**Student:** 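Got a structure here, written out as structure tokens. Questions coming.
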Amino acid sequence: MRRKFLAIAACAAALPLHAQEAPAPVDIPVDIGQSVKDIRVPHHNAQGNLSLRLNAAQAERSSTTEFTFTDLQIEIFGDQGEEPSLTVLLPEAVFDQTSRRLASDRRSVIKGESIEITGRDLEFDIDSRTSRLTGPVSMVLTASDKVMP
């Protein structure tokens with residue numbers, strides 16, 4: 001239980017969300033029933049800065065609101081949008097545009113400069129840029145002084 005809390009807290013603390021920001025739509029240019037290879041989908045915050053980028057080997061749209069990604073890499077950027085501060089790796093994930101959440105029931109990894117968190121199931125919230133890992137969760141810190149203020 002403590003490890004799960006640490007994983008959520010570490011990801012949430014790494015990138016604060018400004019409460020006044022209105023969520024921008026996530027535009028994934030794939031038609032229903034269509035499959036696209038090597039797709040990159042940038043997502044910008046209310047100030048126009050790059051917030052995150054979805055990179056996938058394949059994306060398929062199964063309905064008006066649901067997408068399936070294969071070999072998905074989510075790059076999460078800080079407030080300036082220059083370099084990614086965290087990366088989330090998912091072998092397979094489903095994105096629901098209504099809830100604005102990605103979910104995976106396969107082994108997933110969250111990587112940062114000094115942290116790596118691995119878990120069996122992952123849920124990622126596009127708006128808050130936070131993850132929830134469940135199942136066996138492990139965390140490796142390589143420089144603990146960089147994680148906590």
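This chain uses plain numbering: 1 for the first residue, then up along the sequence. Note that this is a predicted model, so its numbers are computed, not measured.
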**Student:** Set out, in order, the CA-CA distance, both residues' side-chain angles and the distance that settles side chain to side chain contact (heavy atoms under 4.5 Å, CB included) for Arg132 and Leu122, then state yes or no.
**Tutor:** CA-CA 6 Å; Arg132 179 174 183 250; Leu122 180 134; over 6 Å; no
**Student:** In this structure, would Leu141 and Ile110 fall into the same cluster of hydrophobic residues linked by side-chain contacts under 4.5 Å?
**Tutor:**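 Yes; tracing contacts between hydrophobic side chains, which count when under 4.5 Å, links both residues.
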**Student:** For a 4.5 angstrom cut-off between non-hydrogen side-chain atoms, does Thr142 reach Ser114?
**Tutor:**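 Of all side-chain heavy-atom pairs linking Ser114 with Thr142, at least one is under 4.5 Å.
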**Student:** Please tell me if the side chains of Leu54 and Phe95 come closer than 4.5 Å, counting only heavy atoms from C-beta onward.
**Tutor:**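 Not touching, per the 4.5 Å side-chain cut-off.
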**Student:** Please examine the side chains of Thr64 and Ile32, heavy atoms only from C-beta on, and report whether any two atoms are closer than 4.5 Å.
**Tutor:** yes
**Student:** Under 3.5 Å, is there a donor-acceptor pair between the Gln58 and Asp71 side chains?
**Tutor:**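 Result is no, nothing qualifies.
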**Student:** Answer yes or no: is there a side-chain heavy-atom contact under 4.5 Å between Arg120 and Asp105?
**Tutor:**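 When only atoms from C-beta onward are counted, Asp105 and Arg120 do not touch, as no gap falls below 4.5 Å.
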**Student:** Given Lys111, which partner from the list Val140, Thr118, Leu86, Leu89 fulfils the side-chain contact (heavy atoms from CB on, under 4.5 Å) test?
**Tutor:** Leu89
**Student:** For the atom pair CD (Glu83) and CD (Glu113), what is the distance rounded to the nearest 0.5 Å?
**Tutor:**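 With rounding to 0.5 Å, CD (Glu83) is 11.5 Å from CD (Glu113).
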**Student:** A side-chain contact here means heavy atoms from C-beta on lying under 4.5 Å apart; do Ser51 and Phe77 qualify?
**Tutor:** no
**Student:** Which atom pair, heavy atoms only, marks the closest approach of Arg40 to Pro42?
**Tutor:**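 Smallest interatomic distance, heavy atoms only, reads O-CD, 3.6 Å.
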**Student:** Look up atom OG in Ser108 and atom CD1 in Ile117, then write down how far apart they are to the nearest 0.5 Å.
**Tutor:**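 Spacing of OG (Ser108) from CD1 (Ile117) equals 12.0 Å.
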**Student:** Between Ile39 and Asn55, is any pair of side-chain heavy atoms under 4.5 Å apart?
**Tutor:** no
**Student:** For the backbone of Val30 and the side chain of Arg61, can you confirm whether one donor and one acceptor N or O come within less than 3.5 Å of each other?
**Tutor:**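 Yes, because the side chain of Arg61 sits within donor-acceptor range (under 3.5 Å) of the backbone of Val30.
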**Student:** Within a radius of less than 6.0 Å around CZ of Arg53, do more than 12 heavy atoms belonging to other residues, nucleotides or ligands occur?
**Tutor:**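 Atom CZ in Arg53 is packed in, count exceeds 12.
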**Student:** Would a single hydrophobic cluster contain both Val137 and Val109, if residues Ile, Leu, Val, Met, Phe, Trp and Tyr are joined by side-chain heavy-atom contacts under 4.5 Å?
**Tutor:**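 Shared cluster, no.
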**Student:** Decide yes or no for Leu90 and Arg106: does some side-chain heavy atom of the first lie under 4.5 Å from some side-chain heavy atom of the second?
**Tutor:**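 When only atoms from C-beta onward are counted, Arg106 and Leu90 do not touch, as no gap falls below 4.5 Å.
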**Student:** Would you kindly confirm whether Val36 and Phe67 end up in one hydrophobic cluster when ILVMFWY residues are joined by side chain heavy atoms under 4.5 Å apart?
**Tutor:**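 Result: yes, single cluster for both.
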**Student:** Can you name the closest pair of heavy atoms from Val88 and Ser131 and give their distance?
**Tutor:** CG2-OG, 4.4 Å
**Student:** Once side chain to side chain contact (heavy atoms under 4.5 Å, CB included) is applied, do any residues pair with Ser63, and if so which ones, sequence neighbours excluded?
**Tutor:** Thr65, Glu66
**Student:** Measure the shortest side-chain to side-chain distance between Leu102 and Phe69 over non-hydrogen atoms and say whether it is less than 4.5 angstrom.
**Tutor:** yes
**Student:** Find the distance between CG (Leu72) and OG1 (Thr68) and round it off to the nearest 0.5 Å.
**Tutor:** 11.0 Å
**Student:** Which heavy atom of Gly78 sits nearest a heavy atom of Ser85, and at what distance?
**Tutor:**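 Distance-wise, the nearest heavy atoms are N-OG, 4.0 Å.
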**Student:** Are Ile28 and Phe124 linked, directly or through other ILVMFWY residues, by side chains that come within less than 4.5 angstrom of each other?
**Tutor:** yes
**Student:** Taking side chain to side chain contact (heavy atoms under 4.5 Å, CB included) as the definition, give me every residue that meets it alongside Arg101, ordered by chain and number, with sequence neighbours left out.
**Tutor:** Ser99, Glu123, Asp125
